[in-house]
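Below: one structure, written as structure tokens.
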Amino acid sequence: MGTDLKLREVVNDLQCLGVKILKPLSARRGGAGPAEGQVIIFKGIPVSCPVASAFVKDSPYVIERNGAGHILKKYEVDIGEVTFPSTPRFYQRKTADGIPYSQIAIIHGIECLASTVFQRCLNWQTSRCGFCGIELSLASGYTIPLKLPHQLAEVAEAAVRENGVTHITLTTGTQGDEINAFRHLASCVKAIKEKTGLPVHLQFMPPQDLNLLHLLKDAGVDTAGIHIESFDCRVLTEVCPAKARIGIKRYQECWKVAVDLFGRNQVSSFVIAGLGEDRHSLIEGSEMLCDRGVYPYILPLRPIPGTPFSSSAPPDPEYLSSVYQDVASLLSRYHLSWRAVKAGCVRCGSCSAITRFEEN
Ligand code: SF4
């Protein structure tokens with residue numbers, strides 16, 4: 001590296017401050033959970049960085065052309081070369097029923113295929129999570145409202161063959177009829193597994209009937225994401241009213257069933273830093289997760305244009321660095337690691353620096 005910056009500090013900085021790219025490439029503008037980002041590959045690892053939000057103009061980081069390649073600079077000082085993942089060829093193709101593959105699933109990071117199975121959410125009109133852009137992608141025409149099992153299997157097969165993807169992430173908006181929703185999710189997972197055999201990660205809200213998790217296990221789900229987002233009750237009530245109504249007790253019951261089914265270290269929860277939370281709640285909540293065998297996937301708020309957080313900024317990198325250090329110590333103490341995770345966001349690691357903080 002051109003300076004004495006550590007890799008983990010650069011990744012954390014890039015995700016908190018964003019990076020100016022002199023010639024913007026195509027970037028995600030919506031999606032479920034964290035979105036609005038451009039993946040860059042730096043020192044061999046994929047890093048999803050904000051590039052389009054207002055705060056990015058103040059970032060000291062810039063990516064410039066450097067001969068045939070690109071270089072990352074901080075305050076005009078060279079940090080190192082970066083590359084961009086190439087656009088997958090399969091994005092140009094259409095399913096047998098005429099849907100562009102790119103509207104069914106896209107590559108996240110460098111080797112994860114990701115899709116939002118239900119692109120609408122029951123809570124969108126009245127009590128959506130303030131940071132989420134799930135229906136914005138739909139409105140922009142980048143995707144379709146519902147992905148079918150055979151469509152996902154067809155795209156997954158092409159992504160394995162042409163791009164060497166090694167795992168799959170499926171997420172979903174919340175549906176009113178949870179039995180039918182879980183059956184559909186299970187069918188999607190089964191179809192993908194039958195076609196590719198790849199490990200599949202599925203993200204969902206705790207259902208009223210926790211027995212529905214058995215459907216997912218039987219379908220072949222390998223890892224589960226059950227995301228509380230914040231352990232600060234005030235923040236959760238304000239930002240994620242639907243999750244606050246479910247309540248922490250129900251999340252704990254769901255995590256327990258999930259860990260019993262999928263195993264320690266194979267269940268995770270997003271914990272977002274930068275929502276105005278009390279730091280103590282974040283650390284205490286992360287320890288509670290670790291104690292239950294659940295991986296706390298700490299990640300910075302990613303303000304998505306078009307959401308209530310669009311004019312917010314991610315947290316201060318120093319604050320997040322101190323959080324990462326404390327949570328990495330917890331992960332070590334409870335013998336949890338991203339390295340053991342079979343599929344999903346924790347394995348991909350593009351949206352958080354926690355994996356880098358685990359390393360030292
Ligand atoms: S960490 Fe998750 S949301 Fe982020 S790019 Fe990877 S799979 Fe997608």
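In listed order, ligands and their atoms are each counted from 1.
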Which of the atoms of ligand 1 are close to Y297, meaning less than 4.0 Å from one of its heavy atoms? 1 (S)
Which ligand 1 atoms, with their elements, are less than 4.0 angstrom from a heavy-atom of C345? 1 (S), 2 (Fe), 3 (S), 7 (S)
Assess C348: does it contribute an N, O or S atom lying under 2.8 Å from atom 6 (Fe) of ligand 1? yes
Answer yes or no for C351: is there an N/O/S atom below the 2.8 Å cut-off from atom 2 (Fe) of ligand 1? no
Between F270 and ligand 1, find which residue part has any heavy-atom pair under 4.0 Å and reply side chain, backbone, both or neither. neither
Residue-level breakdown please: for S48 versus ligand 1, do any non-hydrogen atoms fall below 4.0 Å on the side chain, on the backbone, on both, or on neither? neither
Crowded around R279 CZ? As in, over 12 foreign heavy atoms under 6.0 Å? yes
Taking the N/O/S atoms of H108 one by one, which is nearest to atom 8 (Fe) of ligand 1? ND1
Taking 4.0 angstrom as the limit, do [X] and [Y] come out as a salt bridge?
X    : Y    : value
R333 : E287 : yes
R250 : E253 : yes
K190 : D218 : no

Could you list the donor-acceptor pairs under 3.5 angstrom formed between side-chain atoms of residues 66-73 and any protein atom two or more places apart in sequence or on another chain?
unit_1 : atom_1 : unit_2 : atom_2 : d
K73    : NZ     : E64    : OE1    : 3.1

Indicate whether the side chain of Y61 and that of D13 have a donor and an acceptor atom separated by less than 3.5 Å. yes
